[in-house]
Amino acid sequence: CLKCYDFSLVDEHASRFPRHSVTSLDHLAYDLTSPWESETEKFRAIFTWLHHNIAYDADAFFCGNVQASTPESTLHSGLAVCDGYAGLFVFLAERSGLQAMKVTGHGKGFGYIPTDSGGPVPQYQGNHAWNCALMDDEWRLIDSCWGAGAVDSSGFRKGFNPVWFTSTNAEFGKRHYPEDPAYQLISDEEGGPISWEDYILEPEGPLLFNDFHTHKFSPRYVQPSTKYIQSESWVSFHLFKLCEHLSTTEADNFVYLISLLPDGSRTPLVLNDSGGWSATVYVPAGGEVSLFYVKEIGGKDARGLIMKDYSAAVGRKAMQFGGLCRWTLT
């Protein structure tokens, strides 16, 4: 399936054409897509090339000085905001014989502030652009801007985020709402289109770190599903891979831990009967709850570490941890 497909060859190929060496967009489109048979792989090559070669124009964004762009100007400058990414994506797709369109709407990106519970419904306001693409007989939604990196208060941080290529349309719609609701493209099997009110009032989810996506966990099924959880209670935490084809064996995974602050206690998650990992923890008042994995132990990669060896190493060997997600206590 798309979520566990190995795009490493496509991604490596897309990295071979640095922007400064491109003589024309027509040649670039051919170079990127001609080796691949499927439309999905062709679109992936375009998506990955944009990550490597176009940076978000954070200076223009923060100064309120965003100028209209063309595919040629974006190639020349190497800078764009979301509209420039989406426009160049369509141009390269069309030059490759592919079907794609630019979609405008609202995105829950930098600067998004969730609506207070019980507050009035904010009016619709567009602030973002992305694409829909016909990939092997299925219309799918793609965000090459968010796939290229992220914006924070210090500027643009380049970082490949392929979740915005592999998300289902329903998953994509958690953080994107098109001006024309027809471009939600959410099937009845996935629940069908949603209203602006349901989209904008949906409770905020936990903070997901980049490693959460790198390790191919599912944002849709992580539990608790909301950012805020009740303190002074027993809480069940659940973690699942993106799809059933991905391995959950100890040899292919890490030890996953629920960490409570400020006391610093750590509780391992164990495999459950549903094909994921779970732990039930008493959560005291105050602080935060985070989900970590043991990244290194004794200076060595901890992939494949079994629980018995982890328990024996606690307090005896140096460990490094990686963050997956975080909740806030109420």
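Predicted model, so just to flag it, every value in this text is computed and none were measured.
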Item to check | Charged N-O contact under 4.0 Å between R175 and E171 | outcome: no
Item to check | For F43, the option from W49, F7, F89, F165 that meets ring pair (Phe, Tyr, Trp, His ring centres under 6.0 Å) | outcome: F89
Next on the checklist: Test of understanding: clusters of I, L, V, M, F, W, Y form through side-chain heavy atoms closer than 4.5 Å, transitively. Do F212 and I229 belong to the same one?
Outcome noted: yes
Item to check | ring pair (Phe, Tyr, Trp, His ring centres under 6.0 Å) evaluation trace for Y256 with F217 | outcome: CA-CA 12 Å; Y256 306 111; F217 289 112; 5.4 Å; yes
Checklist entry - Do V255 and L260 belong together in a cluster built from hydrophobic side chains that touch within less than 4.5 Å? => result no
Checklist entry - Minimum heavy-atom separation for E190 to A170, with atom names? => result OE2-CB, 3.5 Å
Item to check | Atom CD of E179 with >12 non-hydrogen neighbours under 6.0 angstrom | outcome: no
Item to check | Under 3.5 Å donor-acceptor, T280 side chain and V235 backbone | outcome: no
Next on the checklist: A side-chain contact here means heavy atoms from C-beta on lying under 4.5 Å apart; do P178 and W130 qualify?
Outcome noted: yes
Item to check | Separation of I142 CD1 from N169 CG (nearest 0.5 Å) | outcome: 9.5 Å
Next on the checklist: Please tell me whether L201 and Y124 are part of a single hydrophobic cluster in this structure, the criterion being side-chain heavy atoms less than 4.5 Å apart.
Outcome noted: yes
Checklist entry - Which distance, rounded to the nearest 0.5 Å, do you find between the CG of N161 and the OG of S144? => result 12.0 Å
Item to check | Side-chain donor or acceptor of R303 paired with backbone N/O of F254 under 3.5 Å | outcome: no
Item to check | Which atom of L79 lies closest to which atom of I54, heavy atoms considered | outcome: C-CG2, 4.2 Å
Item to check | Spacing of CG belonging to N131 relative to CG belonging to D143, to within rounding of 0.5 Å | outcome: 8.0 Å
Next on the checklist: Assess the residue pair I200 and Y112 against the criterion (side-chain contact (heavy atoms from CB on, under 4.5 Å)); give the C-alpha distance rounded to whole Å, side-chain angles, the decisive distance to 0.1 Å, and a yes or no.
Outcome noted: CA-CA 10 Å; I200 202 65; Y112 167 69; 4.1 Å; yes
Next on the checklist: Using a 3.5 Å distance criterion without hydrogens, assess whether the side chain of H215 forms a donor-acceptor pair with backbone atoms of N253.
Outcome noted: no
Item to check | Side-chain (N65) to main-chain (A60) donor-acceptor, under 3.5 angstrom | outcome: no
Checklist entry - What are the two closest non-hydrogen atoms of S69 and G84, and how far apart are they? => result OG-CA, 3.6 Å
Next on the checklist: Tell me if a side-chain donor or acceptor on Y228 pairs with a main-chain N or O of T330 at a distance below 3.5 Å.
Outcome noted: no
Next on the checklist: Is the shortest side-chain heavy-atom distance between Y293 and L269 below 4.5 Å?
Outcome noted: no
Checklist entry - Going by heavy atoms in the side chains, are F61 and F156 under 4.5 Å from each other? => result no
Checklist entry - Considering all heavy atoms of both residues, which atom of R16 and which atom of E12 are nearest to each other, and what is their separation? => result NH2-OE1, 2.8 Å
Next on the checklist: I need the full list of side-chain hydrogen bond (donor to acceptor under 3.5 Å, both in side chains) pairs touching residues 304-314, with sequence neighbours left out, sorted by first then second residue.
Outcome noted: none
Next on the checklist: Determine whether T248 and W277 satisfy the following criterion, side-chain contact (heavy atoms from CB on, under 4.5 Å), listing intermediate values before the conclusion.
Outcome noted: CA-CA 9 Å; T248 58; W277 293 264; 3.7 Å; yes
Checklist entry - Do the side chains of V121 and T115 get nearer than 4.5 Å, heavy atoms only? => result no
Checklist entry - Restricting to pairs with a member in residues 79-101, which pass side-chain hydrogen bond (donor to acceptor under 3.5 Å, both in side chains), not counting sequence neighbours? => result D26-R95, T33-S96, D83-K102
Next on the checklist: For a side-chain contact (heavy atoms from CB on, under 4.5 Å) check, start with the C-alpha distance between E204 and T226, then their side-chain angles and the critical distance, and finish with the verdict.
Outcome noted: CA-CA 6 Å; E204 189 177 6; T226 57; over 6 Å; no
Next on the checklist: For the CD atom of Q184 and the CZ atom of F172, what is their distance to the nearest 0.5 Å?
Outcome noted: 11.5 Å
Next on the checklist: With rounding to the nearest 0.5 angstrom, report the OG1 to CG distance, T166 to L242.
Outcome noted: 6.5 Å
Next on the checklist: When you compare the side chain of V283 with that of W327, does any pair of heavy atoms fall below 4.5 Å?
Outcome noted: no
Checklist entry - Roughly how far, to the nearest 0.5 Å, is the CD1 atom of I186 from the CG atom of D188? => result 10.5 Å
Item to check | Nearest non-hydrogen partners of F240 and S274, listed with the distance | outcome: CE2-O, 3.7 Å
Checklist outcome for this item: Nearest heavy-atom approach of K108 to Y199 is NZ-O, 2.7 Å
Item to check | Parallel, tilted or perpendicular, as decided by the 30° and 60° cut-offs, for the rings of F292 and F321 | outcome: perpendicular
Checklist entry - Does L324 reach the side chain of F209, with side-chain heavy atoms less than 4.5 Å apart? => result no
Item to check | Connected via hydrophobic side-chain network under 4.5 Å: F237 and L261 | outcome: no
Checklist entry - Are L239 and Y221 joined in one hydrophobic group, where the rule is that I, L, V, M, F, W and Y side chains link up if heavy atoms are under 4.5 Å apart? => result no
Item to check | pair K241-C4: side-chain heavy atoms closer than 4.5 Å | outcome: no
Next on the checklist: Walk me through whether L25 and E72 qualify under side-chain contact (heavy atoms from CB on, under 4.5 Å).
Outcome noted: CA-CA 8 Å; L25 287 172; E72 290 80 6; 4.2 Å; yes
Checklist entry - Taking the side chain from D31 and the backbone from S34, do they hold a donor-acceptor pair closer than 3.5 Å? => result no
Checklist entry - Is there a donor-acceptor contact under 3.5 Å from the side chain of R157 to the main chain of G149? => result no
Item to check | Verdict with reasoning, F110 to F62, per ring pair (Phe, Tyr, Trp, His ring centres under 6.0 Å) | outcome: CA-CA 11 Å; F110 176 78; F62 284 121; 5.5 Å; yes
Checklist entry - How about H27 and V22: do any of their side-chain heavy atoms sit closer than 4.5 Å? => result no
Checklist entry - T40 and S38: side-chain donor and acceptor closer than 3.5 Å? => result no
Checklist entry - For atom NZ of K158, is the number of surrounding heavy atoms from other residues, nucleotides or ligands below 6.0 Å larger than 12? => result yes
Item to check | Residue pair H176, W164: steps toward the ring pair (Phe, Tyr, Trp, His ring centres under 6.0 Å) verdict | outcome: CA-CA 11 Å; H176 299 76; W164 297 117; 5.1 Å; yes
Next on the checklist: Is it the case that atom NZ in K174 sees more than 12 heavy atoms from other parts of the structure closer than 6.0 Å?
Outcome noted: no
Next on the checklist: Just checking K3: does its NZ atom have more than 12 heavy atoms from other residues, nucleotides or ligands closer to it than 6.0 angstrom?
Outcome noted: yes
